[in-house]
Amino acid sequence: MARAASPGKANAVSETFWVAVIDDDEAFREALCELLHALDFPCRPFANGTAFLDSPDRGVFGCILADLRMPRLGGMELQEALTSRGIPAPVVIMTSHISAHARAQAMAGGALAVLLKPISERELLPLLKIAQARAVSCATPRSAEDESPC
Amino acid sequence: MLMQGHMGEPEEVDELRAIAARNAQLIHYMPTALWQVDSRGAGQAFAELRAHGVSDIARHLDEHPELIEHAKDIVLVNDANLAAVELFRGKSTADLIRPVRYLFAGTPGMARRVMTAHFEGRRSYVEEAKILRFDGAVREVIFSVTYPIPGELQDTTFITIEDVTDRRRTEEQLRRLQADYSHAARISTLGELATSIAHEVKQPLSAIITNAEASLRWLDREPANVPKLAQLTTRISESAHRANEIIQRIRSMATKHEPERALINIADVIAEALLFVRHDVETRSISLSTKIAPGLPQVPGDRILLQQIFVNLLVNAIQAIIPLAIERRRISIDVRQINDGWLSIRVEDSGPGIPAEAMS
């Protein structure tokens, strides 16, 4: 499986576009990784936002798919933490239920999108393409020193 | 009411007669339906049976049911009051002054029991029975018989009958209301848990759909990755089982059911109850500690009812501590054995507690 490899050792400025899947439900995060794998996106699963932030590889991901509600650091809090640490990777919030207000909040917080579970390939693929395009543009001239989000 | 004894001086006799008359009036108008029965016939028959060596009257009557039928015809009602007339829907007392057979028409087997108690020298006999009114209506009653004992009037038995049909009906309605209420209460608890449950069911469903989409991707490839497809199909099946299990639990909790006592493992019951509130506990950052002493004995109880109790306690606890700051939200469950066969189960939350006036 793709996630068996260590993303940290992958080509630092991204021929490899890594996707992080952060969800407290094991069956779901494994399933989403399998789908990403089938779509040729290497993936790494994390059980919650804190586990992701604690990972030394946290900076290498081109896109982060995070569940809205998790026991330790949900998707929106993670988004905040990433912004404050200057990690520019786009975050897609996933949830099985969300109010219009919370959705607006998530988008205002800088989320790339809010996706309702179950996640369909049809919705996911275009978002991954956008994230990939950003990653490429970030990898070129302005690169990591640039403060603005890519 | 019962008078006997030797009569003394004429003035005394007059006085006693006056008392008797007053008592008769009282009895006549008292609200309890009362019958005065001349049981001399029964008394004689009992004496004869004893002379013939009968001691087990119940058995004897079983062998000679004709004696009971005979008694119903020879034992006579002497008097009955207005309430008795009203109860049986008679026109006057005269309608009720006849052999006792009509008193037993609603519950024919009762005559044998009334006779047995009399023969055995008991003071009284009470039975919940049915009577057949003269207008054909069947009523539920409490049928009480007071037998004469030596020293009193040897030949008079008193019967009182209380109509409890309406009371029984009210009780029955009340019982049904209570059952409906606890059903409704359970459903509304479930209502509060709906989001949590929807989440629990949706997780495995999401996993199933995503695994199926991944499978379709792999199937598109040439050649198809069979080991991968086998792995994904296994996961789909596992998640489907999980969803099914959750639904099963909800159903067993939501349906009305008669309590079933069985030996249960309390740790399992608590684990199942926690499943219902897990989502709430996690998303509200509540610290929940469960201390279950090892090697607890199984205890008799109804698994589902107990589970409902725990879910209710936990839902209440969660609601009580939501207003608190995150670091102060605590629920603890503590189960231990206190002595032979008794378990102590504590569910404690860090909420403000129940105000004293609400405890009463």
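Predicted model only: the values in this text are computed from it and were never measured.
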Chain B contact via A:Thr95 - side chain, backbone, both or neither, heavy atoms under 4.5 Å: neither

Parallel, tilted or perpendicular: ring planes of A:Phe52 versus A:Phe61, cut at 30 and 60 degrees: tilted

Carboxylate-amine/guanidinium proximity below 4.0 Å for A:Asp40 and B:Arg221: yes

Pick from A:Leu39, A:Leu36, A:Asp23, A:Asp24 with the largest number of heavy-atom pairs that fall under 4.5 Å of chain B: A:Leu39

Carboxylate-amine/guanidinium proximity below 4.0 Å for B:Arg169 and B:Glu140: no

Ionic contact status for A:Asp57 with A:Arg44, cut-off 4.0 Å: yes

Pairwise side-chain contact, B:Trp342 with B:Gln337, heavy-atom cut-off 4.5 Å (strictly under): no

Presence of salt bridge, B:Glu171 and B:Arg168, under 4.0 angstrom: yes

Pick from A:Glu121, A:Lys117, A:Arg29 with the largest number of heavy-atom pairs that fall under 4.5 Å of chain B: A:Glu121

Any side-chain heavy-atom pair of B:Phe310 and B:Val315 under 4.5 Å: no

Structural part of B:Leu216 lying under 4.5 Å from a heavy atom of chain A: neither

Contact listing (chain A partner; residues 327-335 of chain B; heavy atom under 4.5 Å): none

4.5 Å side-chain heavy-atom contact, A:Asp25 and A:Asp67: no

